[in-house]
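Every chain is numbered from 1 and lettered A, B, ... according to where its sequence line falls, protein lines coming before strand lines. Here the structure is a predicted model, which means the values were calculated and not measured.
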Number of protein chains: 2
Amino acid sequence: MNAMTPSPTTNKRQHVVDTAYALFKRDGFHATGIDRIIAEADIAKMTMYRHFPSKDELIVEVLEHRARRFERQLDRLAQEVATPEQKIGKIFDWHERWFRSADFHGCLFAHALAEFGDPGHPVFKAVARQKNGLKRRMQSILEEVMPPGQAESAAAALLMLIEGATLMAQMGQPAIDGARKAAAAIIASARTPQ
Amino acid sequence: MNAMTPSPTTNKRQHVVDTAYALFKRDGFHATGIDRIIAEADIAKMTMYRHFPSKDELIVEVLEHRARRFERQLDRLAQEVATPEQKIGKIFDWHERWFRSADFHGCLFAHALAEFGDPGHPVFKAVARQKNGLKRRMQSILEEVMPPGQAESAAAALLMLIEGATLMAQMGQPAIDGARKAAAAIIASARTPQ
DNA sequence: TAGGTATGAGACAGACCTGTCTCATCACCG
DNA sequence: CGGTGATGAGACAGGTCTGTCTCATACCTA
């Protein structure tokens, strides 16, 4: 296997992940059958099952791939600005662009949580990892300007706002501006408690 | 049909709704089959299909029943207190108790939105009605102490907080206190803009 | 050229899905 | 007693689900 030419295995595997992502996003997890995925990806069923031992593991793979991509994008955005307020602002910017994108269908992780509510299920755990990652990111940003305790609860509040804004955006109600103002009020309040 | 004795039709119908609610809440909508519902409710399949023309309509009925129940409970709680802050506080109280309840599995409406993402689908519309109802309720409470424009965006922010808190509660992360503090900051900020 | 690997194509199993149909039964009511 | 409406029980159709299996076919490399 030449190291310069990408492995065909990797290509097929990623192609399945991308195709499954698009279908899961639009139609949901249980409503999207394996047959639909392989038809859309134009691959044989066995090709998929050779890469992923089960549909559940494919779902986890899709979620983890999207989570990594999300983290990379936020990393990049954070480097563009200096102050904690600006970094938080960039996170809201990211979501605002996402809400306006043509194929926005809500948060895939929240949807996964809705369909896999068992805390022991691998999909549930993958969702928890992603949400905790975002919360930790905001928390460490806020710790630059407030004590850790304040930063923890403020980060939780910001995460709630973002999740809520995503849900409202899915219902066609633009609320990112309100979320932004509320976030500013929360941060200001945490900066100067009482 | 005697008006004093409740119609057996109504009883069976409600029994199906209640049983379906418990199963949808725990396992999701697509993952819960008709066969499971009628087995758990201990009724014949035809009895169900005589009351509900399709599974989708049963889902809508379940959602609407829960929405009516929710509205009644909030109506009652609102009458116990006087100030807008207290009324909003009662809404957060309700959610706090809900999060602590033994069979809490997240918001059924949010889950329905995850599985029925088509805005034209009756289930989607039922979800939008419920969320808009809660937002309107908070908005009219807030209009007692701030201009309508401020009340609208503050209500949207509070709704986002509540939805986000529900999602975090489902992931086992208690965040209602943080949401409460954030709500106070939002309302204070809207009361005295700038 | 020979061999190993990835893939394609599709049959197949066994279960589950929604929704319809028939026939029997039971309760109530005039 | 006779009739009516709600219900029970279960077969049935037609489709879809996940996952496994076999066999043929490319393709790259040694």
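- In this structure, B/Arg50 places its CZ atom 18 Å from P of C/dT18, rounding to the nearest Å.
- Stacking of B/Arg66 on the aromatic ring of B/Tyr21 is recorded, both the 6.0 Å distance cut-off and the 45° axial limit being met.
- Protein atom CD of B/Glu57 is 13 Å distant from nucleotide atom C1' of C/dG19, rounded to whole Å.
- To the nearest angstrom, C1' of D/dC28 lies 15 Å from CG of A/Asn11.
- Looking only at atom types and distance, the side chain of A/Glu61 has no donor-acceptor partner in the side chain of A/His51 under 3.5 Å away.
- The aromatic ring centroids of A/Phe116 and A/Phe124 lie 6.0 Å or more from each other.
- With 3.5 Å as the limit, one finds a donor-acceptor pair spanning the side chains of A/Asp18 and A/Gln14.
- One can place NZ of B/Lys12 at 9 Å from C1' of D/dG8, the figure rounded to the nearest angstrom.
- What separates CG of B/Asp42 from C1' of D/dA9 is a distance of 12 Å, to the nearest Å.
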| task | Check the pair B/Glu144, B/Lys87 against salt bridge (Lys or Arg N to Asp or Glu O under 4.0 Å), reporting the backbone distance first and the verdict last. | result | CA-CA 11 Å; B/Glu144 298 180 32; B/Lys87 287 177 182 171; 3.7 Å; yes
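- Computed from coordinates, the B/Ile43 CD1 to D/dA9 P distance equals 11 Å when rounded to whole Å.
- Regarding A/Arg13, its CZ atom lies at a distance of 14 Å from the C1' atom of C/dA6, rounded to whole Å.
- Between A/Trp98 and A/His95, the ring planes are perpendicular. Angles over 60° get that label, and only those under 30° would be called parallel.
- The CG-C1' distance, from B/Asp27 to C/dC17, rounds to 15 Å in whole Å.
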| Which nucleotides of nucleotides 14-20 of chain D have their base under 4.0 Å from a protein heavy atom (B), which only their sugar-phosphate (S), and which neither (-), written as one string 5' to 3'? | ---SBBB
